[in-house]
*Asks:* 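Can you keep this structure in mind? I'll have questions shortly.
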Amino acid sequence: MAGEVIVDALPYIDHGYDDVGVRESALAMVEEECRRYRPTKNYLDHLPLPASSPFETPLMANEFERIQNRLPMETLSMKRYELPPPPSGKLSEVSAWQESIENSMAQLEHQWVRSLNLELMLDYGTEAWKSYLEVFTAMQAKAQLQLQQLKKDIQDVNWQRKQAQTQAGERLRSLEAHWVLLVSKNYEIETECVELEKIVHAARQHLQSIAPQPSANDTAPTPEHTNGFDQDDLAESNGSSSSNPDPSQPGDDGADADGDSKEEDKPEAQEESSNGST
């Protein structure tokens, strides 16, 4: 697949990371990649914008709008903690004094609630704090158990990766040794073949140097015409066939001579038999 990066590093069995010049070489490769990579201004335009509207509250929306409009932040209002009198122009107005009285009553109610909360804290704060500490301790213990489980999972993953890389390293070393052996054998075979070619070439040159030069009138059959037999072997085979004819063949001279001798012997045998009978 185009653009796919295959990570083939085996840190548990690879060596040489601490050698001189390795770190400098890696940093040089990173710098070269940074020089070749030219990010554009809108290189993230193909990605959709994050949908943050479901998590925005009205207060957050107003604050984002203020920041977008570059408006200053509103200061904290301390008016609810003050007891101002009516303005000088409204000292004779009853409504102004009524508003001041209501403000003072609200401040008094607020102070009464604070004192009530302090009394409740003195009465029940210790037990509430203890309960909070117990809950917090239980949450901390649960978080510690989760952390230990995560560390155990990470250790298991690292152990499995180490085992896999160790087995892969042994397999790679075995294959590498086998490859080196095959390459060495091939080199030896090629060397022997070269030597044999040299010997064959030298033998051919020697045979060509000692072979007699054929004359122009020489019509002796070549080994190709004699099917690999020498001329002497052909002569011997022809002589033996002419000196030892097959007597079973009809019209042969040997058979006629034997037949004549047998016919000449028959009258002599008849004469001897007649003399014996007389």
Side-chain angles (χ1 to χ4, degrees), residues 5 7 9 11-12 17-18 23 26-27 30 34 37 39-165:
V5 178
V7 180
Y12 286 100
Y17 296 108
D18 297 332
R23 181 178 178 82
L27 293 176
V30 173
C34 293
Y37 178 70
T40 60
K41 184 178 180 181
N42 299 324
Y43 69 97
L44 297 178
D45 290 343
H46 65 284
L47 298 177
L49 294 176
S52 59
S53 56
F55 306 98
E56 292 180 0
T57 60
L59 182 61
M60 293 175 62
N62 295 332
E63 189 66 18
F64 289 153
E65 184 178 0
R66 181 192 66 79
I67 294 173
Q68 186 176 3
N69 296 330
R70 299 181 182 276
L71 298 176
M73 182 183 295
E74 296 181 0
T75 57
L76 182 63
S77 178
M78 303 296 293
K79 186 178 180 180
R80 56 179 300 189
Y81 300 105
E82 297 176 357
L83 294 173
S88 58
K90 297 182 179 182
L91 293 176
S92 60
E93 295 181 3
V94 179
S95 60
W97 286 102
Q98 187 69 29
E99 184 178 355
S100 297
I101 292 172
E102 290 178 356
N103 185 21
S104 62
M105 292 177 65
Q107 294 294 335
L108 181 62
E109 184 70 17
H110 176 64
Q111 294 297 329
W112 180 79
V113 171
R114 289 184 64 186
S115 63
L116 181 62
N117 288 333
L118 289 174
E119 291 178 0
L120 292 174
M121 186 180 67
L122 290 176
D123 294 338
Y124 304 103
T126 304
E127 298 297 330
W129 183 252
K130 288 180 180 179
S131 300
Y132 170 75
L133 290 180
E134 291 177 358
V135 173
F136 184 77
T137 303
M139 294 174 61
Q140 183 182 9
K142 185 176 180 180
Q144 289 291 338
L145 291 176
Q146 293 178 354
L147 179 61
Q148 292 178 2
Q149 184 65 31
L150 288 176
K151 289 182 177 180
K152 183 177 179 300
D153 295 341
I154 293 172
Q155 187 176 2
D156 293 340
V157 170
N158 292 331
W159 182 82
Q160 293 176 2
R161 183 170 57 183
K162 182 178 181 180
Q163 289 293 112
Q165 292 187 10

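All figures in this text were calculated on a predicted structure; none of them were measured in a lab. What's counted below: heavy atoms across the whole structure, side chains too, no hydrogens, waters or symmetry copies.
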*Asks:* Once salt bridge (charged side-chain N to carboxylate O under 4.0 Å, His left out) is applied, do any residues pair with Arg66, and if so which ones, sequence neighbours excluded?
*Replies:*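 Checked Arg66 against salt bridge (charged side-chain N to carboxylate O under 4.0 Å, His left out); matches are Glu63.
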*Asks:* Output the distance between atom CZ (Arg70) and atom CD (Gln68), rounded to the nearest 0.5 Å.
*Replies:*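 One gets 9.5 Å once the value is rounded to the nearest 0.5 Å.
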*Asks:* For the backbone of Glu99 and the side chain of Asn103, can you confirm whether one donor and one acceptor N or O come within less than 3.5 Å of each other?
*Replies:*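 No; judged by distance alone, with no hydrogens or angles, the pair does not exist.
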*Asks:* Between Met60 and Phe55, which heavy-atom pair has the shortest distance, and what is it?
*Replies:*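 For Met60 versus Phe55, the nearest heavy atoms are SD-O, 3.8 Å.
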*Asks:* Measure the shortest side-chain to side-chain distance between Gln155 and Lys151 over non-hydrogen atoms and say whether it is less than 4.5 angstrom.
*Replies:*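 The answer is no, as the side chains (C-beta and beyond) never meet within the 4.5 Å cut-off.
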*Asks:* Quick check for you: to the nearest 0.5 Å, what is the distance between Lys152 atom NZ and Asp156 atom CG?
*Replies:*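 Taking NZ in Lys152 and CG in Asp156, the distance rounds to 4.0 Å.
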*Asks:* Rounded to the nearest 0.5 Å, how far apart are CD1 of Ile101 and CG of Leu108?
*Replies:*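 Here the rounded value is 13.0 Å.
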*Asks:* Where is the tightest heavy-atom contact between Pro85 and Ser100, given as atom of each residue plus distance?
*Replies:*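 Pro85 and Ser100 have their closest heavy atoms at C-OG, 4.0 Å.
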*Asks:* Can you find a pair of side-chain heavy atoms, one from Lys130 and one from Leu133, that are under 4.5 Å apart?
*Replies:*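 Counting from C-beta outward, Lys130 and Leu133 never come under 4.5 Å.
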*Asks:* Please tell me if the side chains of Val30 and Cys34 come closer than 4.5 Å, counting only heavy atoms from C-beta onward.
*Replies:*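 Sidechains of Cys34 and Val30: in contact.
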*Asks:* Using a cut-off of 6.0 Å, state whether more than 12 heavy atoms not belonging to Tyr124 lie near its atom OH.
*Replies:*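 At most 12 heavy atoms, drawn from other residues, nucleotides or ligands, come within 6.0 Å of this atom.
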*Asks:* Calculate, to the nearest 0.5 Å, the distance between atoms CG and CD belonging to Asn158 and Gln165 respectively.
*Replies:*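 One finds 10.0 Å between CG of Asn158 and CD of Gln165.
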*Asks:* Out of curiosity, Glu109 CD to Leu116 CG, how far, rounded to the nearest 0.5 Å?
*Replies:*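 One finds 9.5 Å between CD of Glu109 and CG of Leu116.
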*Asks:* What residue pairs, at least two apart or across chains, pass ring pair (Phe, Tyr, Trp, His ring centres under 6.0 Å) with a residue in residues 131-151?
*Replies:*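 Matches after skipping sequence neighbours: Trp129-Tyr132.
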*Asks:* Under the criterion side-chain contact (heavy atoms from CB on, under 4.5 Å), I'd like the reasoning laid out for Leu145 against Gln148: C-alpha separation, chi angles, the key distance, then a yes or no.
*Replies:* CA-CA 5 Å; Leu145 291 176; Gln148 292 178 2; 4.2 Å; yes
*Asks:* In Å and rounded to the nearest 0.5 Å, what is the CE to OG1 distance from Met73 to Thr75?
*Replies:*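 Nearest 0.5 Å value for the CE-OG1 distance: 10.5 Å.
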*Asks:* Which heavy atom of Tyr12 sits nearest a heavy atom of Arg161, and at what distance?
*Replies:*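 Smallest interatomic distance, heavy atoms only, reads CE1-NE, 3.8 Å.
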*Asks:* Does the side chain of Arg114 pick up a donor-acceptor pair with the side chain of Asn117 at under 3.5 Å?
*Replies:*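 No pair is found: no donor N or O on one side chain lies under 3.5 Å from an acceptor on the other.
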